[in-house]
Amino acid sequence: MEIEKVYEPQRFEPHWAARWVNEEMFRVEAEPGTPYFSLAIPPPNVTGSLHMGHMFEHAIIDALIRWHRMRGERTLWVPGTDHAGIATELMVDRQLQAEEGKSKRDIPREEFLERVWKWKEKNGGRIVEQMKASGVSCDWSRERFTMDPGLSRAVREVFVRLYEKGLIYRGDYMLNWCPRCQTVLSDLEVEHEDKDGSLWHIRYAPGLVVATTRPETMLGDTAVAINPEDPRAATLGGTKVSLPLTDREIPVILDNMAELGFGTGAVKITPAHDPNDFEAGKRHGLASIQVIGEDGKMTAAAGAFAGMERFEARKAVVAKLEELGVLEKIEPHKLSIGQCHRCRTVVEPLVSTQWWMKMKPLAEPAIAAVRDGRITFVPENWGKTYFHWMENIRDWCISRQLWWGHRIPAWHCAACSEVTVAREDPTECCKCGSKDLKQDRDVLDTWFSSGLWPFSTLGWPDETADLKAFYPTSLLVTGFDIIFFWAARMVMFGMEIMGDVPFRQIHIHGLVRDADRQKMSKTKGNVIDPLVLNEKYGTDAVRFALLVSAAPGGDIALSETRIDAERAFANKIWNASRLLFSKPKEGSGAPVSLADRWIAHRLNEAAAAANRCFEQHRYDQTAETLYHFWWGDFCDWYLELKKLDEDWSFAYVVYEQALRLLHPLMPFITEELWQRLELGGKTIAMERYPLGDSAPDPAAEEEMAAVQAIITDARTQRADANVDPKQTVDAILSATGDRLAVAQRNVDAISRLARVKLEFRDEDPYRLKLALKVDRAKVEKEIADLEKIIANSQKQLSNEGFMSKAPQKITDGMRAKQAEYEAQVAKLRTALSE
RNA sequence: GGGCCUGUAGCUCAGUUGGUUAGAGCGCUACCUUGACACGGUAGAGGUCACAGAUUCGAGUUCUGUCAGGCCCA
């Protein structure tokens with residue numbers, strides 16, 4: 001069979017990607033009770049497109065999934081997407097703005113939601129199409145979306161259950177508010193960044209100076225606190241001071257939140273705009289005056305400053321204080337600024353009524369599950385991070401002031417203000433029976449529905465066959481950035497709702513960075529688009545480059561040269577196939593030469609290593625092992641030697657196995673080549689993965705090593721003498737016994753690969769002498785190097801401590817090596833003396 | 001402030017329970033268009049394993065400290 005000289009992945013990948021999907025090759029039936037491997041995809045945002053992080057994560061998952069499937073396990077990879085509350089809402093809002101000059105608040109909620117759904121129908125499939133094109137082996141018949149009717153029912157059921165259990169409640173607390181997105185944010189959605197700020201010292205009264213980083217909030221102060229131990233406590237405690245810029249008097253209270261000896265010793269208290277002050281306000285029964293509104297502008301309560309944007313108000317307040325002469329000093333001050341993780345707007349702490357989930361009772365079983373090993377982390381170090389967060393967990397604010405998402409199933413009664421929470425939409429108040437009900441405006445945090453993903457995708461709350469067959473899932477593969485957002489919450493939901501872990505292992509992978517180890521970001525402009533790479537180098541090359549770089553837990557510095565190297569690897573395999581396919585397939589299918597026996601041994605070793613590395617989540621080592629097997633063993637040595645044989649049938653056997661070994665890492669090229677063998681199977685993905693459990697052949701390994709050593713020796717001598725590779729050189733090989741026999745047996749192999757015309761001499765010591773001039777300087781350096789090594793090992797061998805304490809295996813090995821070094825030196829000296 | 005991680009060849013990274021000349025890819029040097037492949041072949045150069053100390057017969061690997069860098073949480 002004649003095939004093309006250069007491998008062009010672009011010609012084959014789309015074809016196989018489509019076949020795998022169209023023929024539903026990875027569809028799997030639920031058969032409860034049979035061994036399985038299942039995994040739910042970390043659902044990408046429906047608004048997104050495939051980025052390098054997805055590509056990497058999917059390369060890992062797909063390799064594992066394909067490996068398990070080829071091991072004969074009932075293997076399921078559930079695909080799907082996330083509705084991604086804020087992200088999607090922002091996107092559609094922006095589009096509305098651009099196309100019609102309207103904001104979402106200008107149109108009714110229902111109309112806006114309709115638009116989002118339309119947008120989703122039209123564009124939501126993009127990332128899914130990209131995944132399909134990249135060849136991931138998901139069961140597409142089970143594709144889910146977090147807002148599918150089934151998954152929405154799961155969300156509602158969980159909400160109601162937890163509410164009935166008292167684990168979901170409503171309450172007024174201080175929260176992070178994004179004035180841009182107009183919604184509360186959970187602690188996790190706020191990113192802290194250290195910035196240079198100022199500390200303004202303001203004199204509220206003689207001898208009473210407070211320091212603040214946010215002077216504009218003083219308008220909402222309702223007290224000043226000093227430490228009870230403060231010398232001023234006796235005289236000032238309980239008195240009132242007049243709050244500058246306002247006509248209000250505020251009390252001086254005693255509270256040890258004012259740290260003794262720190263700053264001015266006095267702190268202003270603004271219960272409406274600072275979390276600590278909010279607590280202090282509750283402790284002391286202080287009023288709360290909101291001077292900054294949800295829009296980030298000063299409220300009517302800010303008096304003369306009302307209507308100003310908050311940062312403008314800051315400047316105005318400072319100017320006014322200066323004018324009044326009560327601004328004592330301004331110090332530079334580093335402070336940590338909270339920003340909305342979506343839009344980078346500085347968040348404003350505000351008090352509001354929100355829905356909360358009690359986390360302590362949910363965290364306990366989740367901690368236990370990891371402690372006692374029902375869930376393990378890979379690398380296990382991440383367990384520490386998990387415990388640290390779980391053990392200090394705080395209640396989760398689950399309501400968001402958005403429209404796109406799962407609306408909270410709670411109805412407020414206009415008559416008695418009772419809240420009715422129900423599985424079915426209620427028609428009357430559960431307390432007074434009034435029909436005047438209004439559903440809560442808010443939706444749930446996106447992570448609420450993704451937290452249910454491992455079981456909601458399998459059909460829960462129905463008791464489906466899928467659930468019985470595939471839950472708990474086997475593994476979660478995800479990035480460290482969403483351990484808390486997602487992984488931890490899935491564990492809590494899984495334990496609470498299913499009474500069992502959602503997955504047995506959590507594999508945490510690193511970040512894909514650019515070649516200079518910089519985080520990829522749109523603003524830096526260093527984002528690498530996987531689709532461009534896939535098109536340019538082939539998906540297989542990109543996947544392989546990612547996997548071979550994926551040391552556990554480590555980030556990946558992705559360079560195009562690395563990917564190019566893997567493209568060359570694919571091309572190498574292609575060309576090895578070209579050679580093979582030019583030879584007849586027919587024959588015994590059994591080894592006919594040393595080369596055959598040796599490659600069988602090496603194949604077996606590579607297979608054993610590949611399986612072992614997969615089990616240990618060392619995809620990088622699996623990749624490296626197979627790379628060297630294919631290139632180093634199969635191409636460089638085996639095929640070269642095989643050219644001496646007539647019967648190539650065994651080469652086909654080895655080749656076919658080697659394709660299977662590589663399939664999970666390079667699915668496309670292996671499928672294409674495997675199909676060309678015309679063995680009749682539907683896809684290589686359904687063939688069995690070689691286990692590497694055949695009997696080893698140490699004799700073949702040893703003899704081959706001897707032959708390789710002779711060939712390398714000859715090649716080195718040729719290179720040292722700068723001989724044209726084509727030129728055949730006369731050589732004399734001196735040896736006795738087995739050594740001579742091996743060389744004589746393999747004279748054809750040696751002659752061909754070393755391009756020598758061999759003459760044998762039955763004499764000691766062993767030596768291969770080519771009819772060439774010796775590079776004396778080089779040999780002398782080699783001798784010097786060896787003598788250093790010999791001196792070292794001599795020193796150790798004569799060390800009594802070493803000889804008496806080191807294990808026999810080591811000392812024997814050292815002695816053997818020592819003898820080898822000495823023989824080498826002797827050989828080199830002989831060469832020099834001629 | 002609390003916690004986690006990293007420092008190995010020019011670059012990007014491996015290095016399993018401490019053990020025999022510290023590896024890979026790219027880059028570099030020399031020779032070669034050899035009937036699969038120049039996206040290739042063969043041979044090679046290049047490392048005081050951040051620094052200091054400790055444990056040990058033996059440390060890139062374990063421990064302590066220092067320096068440098070990164071990340072997470074508050």
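Hydrogens, waters and symmetry mates play no part in the numbers below; they use all other heavy atoms, side chains included. Each chain gets a letter, A, B and so on, in the order its sequence line appears, and its residues count up from 1.
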(Q) Does this structure show an ion pair linking A/Arg578 with A/Glu4, if we count only N-O contacts that are shorter than 4.0 Å? (A)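 Between A/Glu4 and A/Arg578 there is no salt bridge, as every charged N stays at least 4.0 Å from the carboxylate O atoms.
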(Q) Centre-to-centre under 6.0 Å for A/Trp382 and A/Phe377, is that the case here? (A) no
Regarding [X], tell me which of base, sugar-phosphate or nothing describes its non-hydrogen contacts under 4.0 Å with the strands shown.
X	answer
A/Glu566	nothing
A/Arg618	sugar-phosphate
A/Thr385	nothing
A/Ala557	sugar-phosphate
A/Val548	nothing
A/Lys5	sugar-phosphate
A/Ala719	sugar-phosphate
A/Asn381	sugar-phosphate
A/Thr561	sugar-phosphate

Rounded to whole angstrom, note down the [atom1] distance from [N] over to [M].
N	M	atom1	value
B/G15	B/U6	P	10 Å
B/U33	B/C39	C1'	15 Å
B/G7	B/U62	P	11 Å
B/A14	B/A50	P	14 Å
B/C73	B/U61	C1'	30 Å
B/U16	B/C5	P	16 Å
B/A9	B/U48	P	9 Å

Base of [N] paired with side chain of [X] (donor-acceptor, under 3.5 Å):
X	N	value
A/Lys643	B/A36	yes
A/Lys726	B/C32	no
A/Glu640	B/A36	yes

Q.
Check the orientation of A/Trp631 and A/Tyr627. Use parallel for under 30°, tilted for 30 to 60°, and perpendicular for over 60°.
A. tilted
(Q) Judged by each residue's nearest nucleotide on RNA chain B, which is more toward the 5′ side, A/Asp555 or A/Asn799? (A)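 Nearer the 5' end of the strand: A/Asp555.
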Q. Mapping A/Leu558 and A/Asn722 onto RNA chain B by nearest heavy atom, which one lands closer to the 5' end?
A.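 First, find each residue's nearest nucleotide; the 5'-ward one identifies A/Leu558.
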Q: Write out the stems for RNA chain B, ordered by first number and formatted as range with range, counting runs of at least 3 consecutive Watson-Crick or G-U wobble pairs under 3.5 Å.
A: B:1-7 with B:67-73, B:10-13 with B:23-26, B:28-32 with B:40-44, B:50-54 with B:62-66
Q. Does A/Arg513 place a side-chain N or O at less than 4.0 Å from the phosphate oxygens OP1/OP2 of B/U6?
A. no
(Q) With a cut-off of less than 4.0 Å, is there a side-chain N or O of A/Trp630 near OP1 or OP2 of B/C37? (A)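 For A/Trp630, the contact criterion (side-chain N or O under 4.0 Å from OP1 or OP2 of B/C37) is not met.
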Q. Taking the side chain of A/Arg578 as heavy atoms from C-beta outward, which of B/A36, B/G58, B/U34 is closest to it?
A. B/A36
May I have the list of side-chain donor-acceptor pairs in residues 540-548 of chain A shorter than 3.5 Å, sequence neighbours left out?
| from | atom 1 | to | atom 2 | distance (Å) |
| --- | --- | --- | --- | --- |
| A/Asp540 | OD1 | A/Phe668 | N | 3.1 |
| A/Asp540 | OD2 | A/Phe668 | N | 3.3 |
| A/Asp540 | OD2 | A/Ile669 | N | 2.7 |
| A/Arg543 | NH1 | A/Asp62 | OD2 | 2.8 |
| A/Arg543 | NH2 | A/Asp62 | OD2 | 3.0 |
| A/Arg543 | NH2 | A/Ser134 | O | 2.7 |
| A/Arg543 | NH2 | A/Gly135 | O | 3.4 |

